[in-house]
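Have a look at the structure below, then the notes.
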Amino acid sequence: MADKLLIYNTLTRKKEEFKPITPNQLGLYVCGPTVYGEAHLGHARPAITFDVVYRYFQHLGYKVRYVRNITDVGHLTDEIAGEGDDKIAKKARIEQLEPMEVVHRYTESYHENMKALNVLSPSIEPRATGHIIEQQQLIKAIIEKGYAYEANGNVYFDVLKYNKSHEYGKLSGRKVEDLFENTRELDGQSEKRNSYDFALWKNASPQHIMRWPSPWGEGFPGWHSECVAMGTKYLGEQFDIHGGGMDLIFPHHEAEIAQSVACFGKDSVNYWMHNNMITINGQKMGKSLGNFITLNEFFTGNHELLEQAYSPMTVRFFILQAQYRGTVDFGNEALKAAEKGLERLMNAYTALEKIAPAKESEVDVALLKQNCYNALNDDFNTPILIANLFETVKTINSIIAGNITIDSNGLNELKQLFDVFVFEILGLKNEAHQATSNNELTGKLIEMLGQMRIDAKANKDWATSDKIRNELTAMGVTIKDTKEGFEWEIN
RNA sequence: GGUCUCGUGGCCGAGUGGCUAGGCAGUGGUCUGCAAAACCACGUACAGCGGUUCGAAUCCGCUCGAGACCUCCA
């Protein structure tokens, strides 16, 4: 199985063989959400992408420490005006809530969504506000090394100076000269030496709610320090993988690299992984554009663009059907296709139970399995993996249809293949099954009606048998006839 | 304006020099009292124009179109 695992590294812009710093151990850091609103479909993408990365490394036997932060402070919304307003604080004022109340509410909501999507909880979920001291220490160290300067209670990173000895822009492919030319909106009053210098610490205006004491006066941490402070705290000065959305490459991750290099003398991250965006009508779904659909809206179908509700697993499967580095375009047709496809996949798994093994096997399970591993080893190519799983589905159905045979050993391997790739690594769940098993009485009643229908059929009383089936269908119970009798499921 | 990415059949989406991606939808057939499910078969797609090559959707150039980042965004 485990051949080379290739990972596309944003830093080098090519696929590289993954080599851990410590054998069989993985340090993984992923940028989590800023909790000032409900999570939308876009938030599900990195969560699911890196959930699969997490799951796969664990499957390969790695001891993984997966750190995914919660950003609960910072991110100025109005930098141009000069008096930056904290997103969390702004929301707090609007809703008349304590900032921490806002944070708490949306953190819980995020956790509920993630659980529904079967996204595993990370090993550590640190919060920015819980690491103010670490961030201050980082900032102090950067000042000491001479790469940051203080001005009126603000601390800025000196990009120009840094760039003299290092390369600012190596992750995003930018050059400082270009940045200089292309900076819009010159804020003349700013104390920045250069417009592209970024804030490490911001002085809090009197009305600013979130504030902490610091050597530079009362204020709050700037945009890009939290991930460096928390990442290196829990994973070490150097760790394996840092992930996040593509939109974070510049300036966020670029600034992280600069801080790491300035502070530790080296880039903390070996492999930078970035998931692409989800688009809607070809345009990025995002908070600022206001064209997002929240996960709860997907689950309930309560949004004008949604023709129906889509279950968490449908959403998960939909996202996994695209490779993480490409965009995925949202659409009802595409979501419905995912729903149907997932159902087919799950039905095949259930159908495995019904297969009677033969003496001879015409199925090459080892090959199917190898193809699945090959897909994952090629930069987590889940669509190829899923294509292989559908090959497996076809195989299973062909066995049931009597076209090919399988022996008991092969049958076990098939089941195992599903257990490993569908459930363990892709993290899918069989939702239909849960629904049917949670009410015993309902099940018994349906069984009874179904049996009555079988009797009617035996008497060629088609009117009665069709009536039973039609009415059950209207109630959302699907009846399927089989050779032995019938099957049912609740939609 | 600068930097970059992409344009695949009705929809979503892989692939990246010659070999079927896959799913959904559609069509025909088998099975079934009918249906559902399943199985079998089918569509001959790679924005346009040139070039390189024995051969390109895949490499190069140009044109058109879409988008991302440059400000917070997953």
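Every chain is numbered from 1, with letters handed out A, B, ... down the list of sequences.
- Comparing B/rG22 with B/rG43, their C1' atoms are spaced 16 Å from each other, to the whole Å.
- Note: A/F330 and A/F298 meet the aromatic proximity criterion, with ring centroids under 6.0 Å apart.
- Among the atoms of the strands shown, only primed sugar atoms or phosphate atoms (P, OP1, OP2) are found under 4.0 Å from some heavy atom of A/T327.
- The partner of B/rC62 is B/rG48, by the rule that a Watson-Crick or G-U pair needs both atom distances under 3.5 Å.
- Salt bridge A/R453/A/D481: present, at least one basic N to carboxylate O contact under 4.0 Å.
- Closest to the A/L289 side chain, of the nucleotides B/rA68, B/rA74, B/rG13, is B/rA68.
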Filtered N/O pairs between nucleotides 22-25 of chain B and protein, under 3.5 Å:
| from | atom 1 | to | atom 2 | distance (Å) |
| --- | --- | --- | --- | --- |
| B/rG23 | OP1 | A/R344 | NH2 | 3.3 |
| B/rC24 | OP1 | A/R344 | NE | 3.3 |
| B/rA25 | OP1 | A/K340 | NZ | 2.7 |

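- Listed pair A/K460 / B/rC34 fails the phosphate criterion, with no side-chain N or O lying under 4.0 Å from OP1 or OP2.
- Among the atoms of the strands shown, none is found under 4.0 Å from any heavy atom of A/H274.
- B/rG29 sits 48 Å from B/rA68 when the C1' atoms are compared, rounded to a whole Å.
- Using a distance-only test at 3.5 Å, with no hydrogens or angles considered, no donor-acceptor pair links the side chain of A/D378 to the main chain of A/N381.
- In this structure, A/R325 is positioned above the aromatic face of A/Y8, its NZ or CZ under 6.0 Å from the six-membered ring centre and within 45° of the axis.
- Of all nucleotides present, only B/rG29 satisfies the Watson-Crick or G-U wobble test against B/rC39, with each distance under 3.5 Å.
- Across all strands, A/N276 comes closer than 4.0 Å to base atoms (heavy-atom distances).
- Closest contact between the side chain of A/I384 and the listed nucleotides B/rA74, B/rC69, B/rA21 involves B/rA21.
- At the phosphate of B/rC39, OP1 or OP2 sits under 4.0 Å from a side-chain N or O atom of A/N397.
- Aromatic ring centres of A/Y349 and A/F423: separated by under 6.0 Å.
- Between the side chain of A/T395 and the main chain of A/E391, a donor-acceptor pair closer than 3.5 Å is present.
- One atom, CZ of A/R174, and another, P of B/rU5, lie 12 Å apart when rounded to the nearest Å.
- Side-chain nitrogen and oxygen atoms of A/T34 include at least one within less than 4.0 Å of the OP1 or OP2 phosphate oxygen of B/rA74.
- Closest to the side chain of A/S398, out of B/rC73, B/rC39, B/rA74, is B/rC39.
- For A/D247, whose side chain is taken as the heavy atoms from C-beta onward, the closest listed nucleotide among B/rA74, B/rC72, B/rA38 is B/rA74.
- Checking side-chain atoms of A/R55 against main-chain N and O of A/L426 turns up no donor-acceptor pair under 3.5 Å.
- Between the side chains of A/E16 and A/Y271, not a single donor N or O lies within less than 3.5 Å of an accepting N or O.
- Taking the ring centre of A/F250 as origin, the terminal cationic atom of A/R174 falls inside the region bounded by 6.0 Å and 45° from the ring axis.
- You'll find that the side chain of A/D481 is closest to B/rA35, out of B/rA38, B/rC12, B/rA35.
- For the P atoms, the distance from B/rG67 to B/rC24 is 31 Å, rounded to whole Å.
- Here the side chain of A/V328 is nearest to one of B/rG13, B/rC72, B/rA74, namely B/rG13.
- Nucleotide B/rG67 forms a Watson-Crick or G-U wobble pair with B/rC4, both donor-acceptor distances falling under 3.5 Å.
- Taking atom CG on A/N291 and atom P on B/rA66, their separation rounds to 17 Å, with Å as the unit.
- With C1' as the reference atom, B/rG17 and B/rC59 are 8 Å apart, rounded to whole Å.
- Below the 3.5 angstrom threshold, one finds no donor paired with an acceptor across the side chain of A/R325 and the base of B/rC6.
- A/M277 comes within 4.0 angstrom of a base, heavy atoms only.
- When each of B/rA36, B/rG33, B/rA74 is scored by its nearest atom to the side-chain atoms of A/W462, the top-ranked nucleotide is B/rG33.
- Contacts of A/L248 with the nucleic acid, taken as non-hydrogen atoms under 4.0 Å apart, involve only primed sugar atoms and P, OP1 or OP2.
- The distance between atom CZ of A/F250 and atom P of B/rU71, rounded to the nearest whole Å, is 7 Å.
- In this structure, the NZ atom of A/K15 is 6 Å from the P atom of B/rU16, given to the nearest Å.
- Across the interface with RNA chain B, nearest-nucleotide mapping of A/G32 and A/N381 shows A/N381 to be the residue nearer the 5′ end.
- For A/D466, the listed nucleotide lying nearest its side chain is B/rC34; candidates were B/rC34, B/rG13, B/rC12.
- Checked by atom type and distance alone, the side chain of A/R316 pairs as donor or acceptor with a backbone atom of A/L117 at under 3.5 Å.
- For the pair A/M285 CE and B/rC12 P, the computed distance is 14 Å after rounding to whole Å.
- A/G42 comes within 4.0 angstrom of a nucleotide base, judged by non-hydrogen atoms across all strands.
- In this structure, A/I454 atom CD1 and B/rU32 atom P are separated by 15 Å, rounded to whole Å.
- Here, B/rC12 and B/rC72 have their P atoms 32 Å apart, quoted to the whole Å.
- If you take atom C1' in B/rA37 and the same atom in B/rU30, they sit 14 Å apart, rounded to whole Å.
- When distances run from any side-chain atom of A/K480 to the nucleotides B/rA36, B/rC70, B/rA38, the shortest one goes to B/rA36.
- Here the C1' atom of nucleotide B/rC70 and the NZ atom of A/K284 are 12 Å apart, to the nearest Å.
- B/rC19 makes up no base pair with any nucleotide shown, lacking Watson-Crick or G-U wobble contacts both under 3.5 Å.
- As rounded to whole Å, 15 Å separates atom C1' of B/rG67 from atom CD1 of A/I278.
- Distance noted for atom C1' between B/rG51 and B/rU58: 15 Å (whole Å).
- Taking atom C1' in both B/rC31 and B/rC11, one finds a spacing of 30 Å when rounded to whole Å.
- Contacts of A/I479 with the nucleic acid, taken as non-hydrogen atoms under 4.0 Å apart, include base atoms.
- Taking for each of A/A401 and A/Q283 the nucleotide of RNA chain B with the nearest heavy atom, the 5'-most of the two is the partner of A/A401.
- Looking at A/M100, A/E112, A/R127 one by one, the single match for side chain to side chain contact (heavy atoms under 4.5 Å, CB included) with A/T107 turns out to be A/R127.
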